[in-house]
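Quantities reported herein were computed from a predicted structural model and do not represent experimental measurements.
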Amino acid sequence: MKERTCQFGQGLGLAGIVNEPDGAPVRGALVLVTAGLVPKFGPFRLYTELARRLASEGFVTLRFDLGGVGDSPHAQSGLPLKERTAEDVSAAVDWLAAHHDLPELVLGGLCSGAEDAFRAAENDPRVTGVVMIDPFAYRTRGFLPRQLMHRVVRRTRRALGLYHPIAPPRVAAADGTSERVVNYEYMRHAESSRILRVLVERRAHVHFVYTGGASEVFNHPGQLREMFRDVPFDGRVTVDHFPELEHTQMLAGDRMTLIRAIASRLDGQITPAGAPARQYARSQ
C-alpha cells in the first residue's frame, strides 16, 4: 500500500491523502468527503483505517479536507456553502481521474459528508456509486411502534441500573438556557428522493449504513424501502444497520465492524473483469 499527500483544486488549495494499491491492479476508487468539521482522517481515524483497508484490496482512496477544514484554507469565493462543497468534491474527482484510469468511482462519507457525496453524485456521470454512513432518514409508520418498544426496554434497563445514557454536549445560549453544540438538519425528502431516482436510473449503486446514532430517525433496515416507496431500487440500493454502534466509533472493534461492511459491499459491487460478484447476506 502506498500513501502520499496531494493538492488540487483552485490554486491547489485543497489538501488530501491518497492511498493506492502497491503493485496490484486498481479495481476502483473511493473519495471520502469531510465529515462535519473533522479533517481528512475522519472521526477517530475512521477514514484513515478504511482507506488503508481498501488499498490492500485494490482500491484507490482519496480523503481530503473541504475548504476551511483542516489543511485546506477557505476559498475566496462568494458562492453558498453547498455550491463551494460541490466544487471541492468535483475537484477531487477531477484529480483522481487525471491520475488513474478508473473503472469505478464511488463517493462516500459520514453524516454531512454522506449528504455532500450524495448531492455531488447526482450531477457527475463519472460517479458509479455512493456509500453513506448515517445520512438523512425519515420516520415511517413502522418506526413509531419499534421506537416505543425500544424506549420501554431502555427505561427499564435504566431503572435497573443497567443503562447509563451520556447526555449530548450543550453550550449556554444567549437567553440563559442551554442548547446542543450541533443541530444538524437533514436533507429534505423531496431532494433525496429525486437524487436517489437519478442515480438508480443511471445504474449507480447507492449503499446506506445506519448506526445506533441514528436511532431517533432510523431503527430497522426495512425502513429504507418504506422511506422511498416511490423509487424502484432495481437491486441497486442496499442498506446495513448496526444499532449497536455509535454515530462515531471510538472503539477500534466498532470501526472494524463498519470497515468490513463497507469493504464487503464495494467488493460485491466492483469486481475484476469477468469475475462474478460475491454475495453478502445483509439487508437489501
Side-chain donor or acceptor of Ser90 paired with backbone N/O of Ala86 under 3.5 Å: no
Distance, nearest 0.5 Å, that separates CD1 of Ile133 from CG of Leu50: 7.0 Å
Plane angle bin for Phe208 and Phe136 - parallel if under 30°, tilted between 30 and 60°, otherwise perpendicular: perpendicular
Sub-4.5 Å side-chain heavy-atom contact between Val93 and Leu107: yes
Partners meeting side-chain contact (heavy atoms from CB on, under 4.5 Å) with Leu81 (sequence neighbours left out): Arg84, Thr85
Cationic N near anionic O, under 4.0 Å, Arg236 to Asp234: no
Spacing of Asp240 atom CG and Arg260 atom CZ [to the nearest 0.5 Å]: 12.0 Å
By side chain to side chain donor-acceptor pair (under 3.5 Å) - contacts of Thr248 (at least two apart): none
Where Gln7 and Leu12 come nearest, the two heavy atoms and their spacing: NE2-O, 3.4 Å
Listed partners of His247 passing side chain to side chain donor-acceptor pair (under 3.5 Å), at least two apart: Asp134
Partner residues of Glu226 under the side-chain contact (heavy atoms from CB on, under 4.5 Å) criterion, sequence neighbours left out: Thr140, Arg229
Exceeds 12 heavy-atom contacts within 6.0 angstrom, atom CD of Glu49: yes
Side chain to side chain donor-acceptor pair (under 3.5 Å) partners for Glu191, two or more places apart: Arg119
Beyond-backbone contact of Val106 with His205, side-chain heavy atoms, under 4.5 angstrom: no
Shortest non-hydrogen contact from Ala114 toward Pro135: CB-CB, 3.9 Å
Salt bridge (charged side-chain N to carboxylate O under 4.0 Å, His left out) partners for Arg52, two or more places apart: Glu3
Whether Asp254 side chain and Leu245 backbone form a donor-acceptor pair below 3.5 Å: no
Residue pair Leu62 / Phe8, side-chain heavy-atom distance below 4.5 Å: yes
Geometric class of the His189/Tyr138 ring pair [parallel <30°, tilted 30-60°, perpendicular >60°]: perpendicular
Main-chain N/O of Val217 paired to Gln223 side chain as donor or acceptor, under 3.5 Å: yes
Partner residues of Arg202 under the side chain to side chain donor-acceptor pair (under 3.5 Å) criterion, sequence neighbours left out: none
Partners meeting side-chain contact (heavy atoms from CB on, under 4.5 Å) with Glu20 (sequence neighbours left out): Lys2, Arg4, Val18, Val60, His100
Charged N-O contact under 4.0 Å between Asp267 and Arg27: yes
Set of salt bridge (charged side-chain N to carboxylate O under 4.0 Å, His left out) partners for Glu201, sequence neighbours left out: none
Side-chain donor/acceptor of Arg255 to backbone N/O of Met250, under 3.5 Å: yes
ILVMFWY clustering at 4.5 Å (side-chain atoms), partners of Val38: Phe41
Donor-acceptor under 3.5 Å (Ser72 side chain, Ala15 main chain): yes
By side-chain contact (heavy atoms from CB on, under 4.5 Å) - contacts of His220 (at least two apart): Arg146
Sequence neighbours excluded, every pair satisfying salt bridge (Lys or Arg N to Asp or Glu O under 4.0 Å) that has a member inside residues 29-44: Lys40-Asp65, Lys40-Asp71
